[in-house]
Amino acid sequence: MTAVLKHYRTIVVGVNGSAASDLAVDTAALIAAENDARLVLVTGYLGGGRQPAVLDDILGREAYLLHGGTPAEELVRQAGERAAALAAPSITRCAIASTPDKALLTAAAETGADLIVLGDSGSRRYRRFGLPTLVDAVARKSAIDVLVVSRISGDRQMIRRGAPALKRPLTVAWGGLRSTAPVRSRS
C-alpha cells in the first residue's frame, strides 16, 4: 500500500470527526503499523466562552460535553480507538486550544514528526472562490511532508516539505465564468 513512502517515525494526523478525517486516520494508522511509527492524533478547538445556562438545563447530565475541550478530547479518543483497531503501535492524543492549522503544526514541531496526514473533502469548491483550506494552510507553513487523502476520489497526494499545495494559481469563478487571474490575498 505505502511502498512508495519513505520510513516515518512519527506521524501527525488532523482529526475533526468528518468522513475525510476518518479516512486520514485510517491511512495514517496503516502507515504507522507498517513502519512501527508513533501516531499523534491532533485536533484544534477554540476554547473559552461559557455556554448559556439554558443549554446546561436542556442537556442535563451531558452538558459537560460542550464545555472547554471536552468535545475535542472526545473526537481524538474516538479516532484513537479507530487507529488502535488498525494496529497502530503507539498512539498519542492531543486536543489543543488553537486553530486547526496551528494545532497541527505545533504538535508536529513538538513531537519531531516526519509526516502530517490530512483528509480532504473536496476543498476545490473553496479554492474556486479563493478561500484558503486547512490543507493549503498546513502545506504552506509545514517544514515536513504532508500527505493529503481525498475522501471523494480516494487519491493520495504527497506535498514535500512545505511545497505549495496548489499546482496552479487560484482562480476566480463567478456566475459560471472563469477568470485565470490569480487571486491576491489581503494581508
Testing the basics here: between [X] and [Y], what is the closest heavy-atom pair and its distance to 0.1 Å?
X      : Y      : answer
Val117 : Ala28  : CG2-CB, 4.0 Å
Leu39  : Ala29  : CD2-CA, 4.0 Å
Ile91  : Ala83  : CD1-CB, 3.8 Å
Pro89  : Ala37  : CG-O, 3.4 Å
Leu23  : Ser150 : CD2-O, 3.5 Å
Ala107 : Val42  : CB-CG2, 3.5 Å

Decide yes or no for [X] and [Y]: does some side-chain heavy atom of the first lie under 4.5 Å from some side-chain heavy atom of the second?
X      : Y      : value
Ile116 : Leu105 : yes
Leu41  : Val25  : yes
Tyr45  : Leu75  : no
Ile144 : Asp114 : no
Thr106 : Ser98  : no

Using 0.5 Å steps for rounding, measure from the [atom1] atom of [X] to the [atom2] atom of [Y].
X     : Y      : atom1 : atom2 : result
Ile11 : Leu147 : CD1   : CG    : 9.0 Å
Glu34 : Leu86  : CD    : CG    : 12.5 Å
Asp26 : Ser21  : CG    : OG    : 9.5 Å
Thr27 : Leu118 : OG1   : CG    : 11.5 Å
Leu30 : Asn35  : CG    : CG    : 11.0 Å
Glu74 : Thr43  : CD    : OG1   : 12.0 Å

Go through it in stages, so that I can follow the logic: the residues are Met158 and Leu115, the test is side-chain contact (heavy atoms from CB on, under 4.5 Å), and I'd like the CA-CA distance, side-chain angles, deciding distance and then a yes or no. CA-CA 10 Å; Met158 180 65 74; Leu115 177 67; 4.1 Å; yes
Would you mind checking if Glu81 and Arg77 are paired as a salt bridge, meaning a charged N to carboxylate O distance below 4.0 Å?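 Salt bridge present between Arg77 and Glu81.
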Just jot down the side chain to side chain donor-acceptor pair (under 3.5 Å) partners of Asn16, sequence neighbours excluded, or say none.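 Per chain and number, Asn16 pairs via side chain to side chain donor-acceptor pair (under 3.5 Å) with Ser18.
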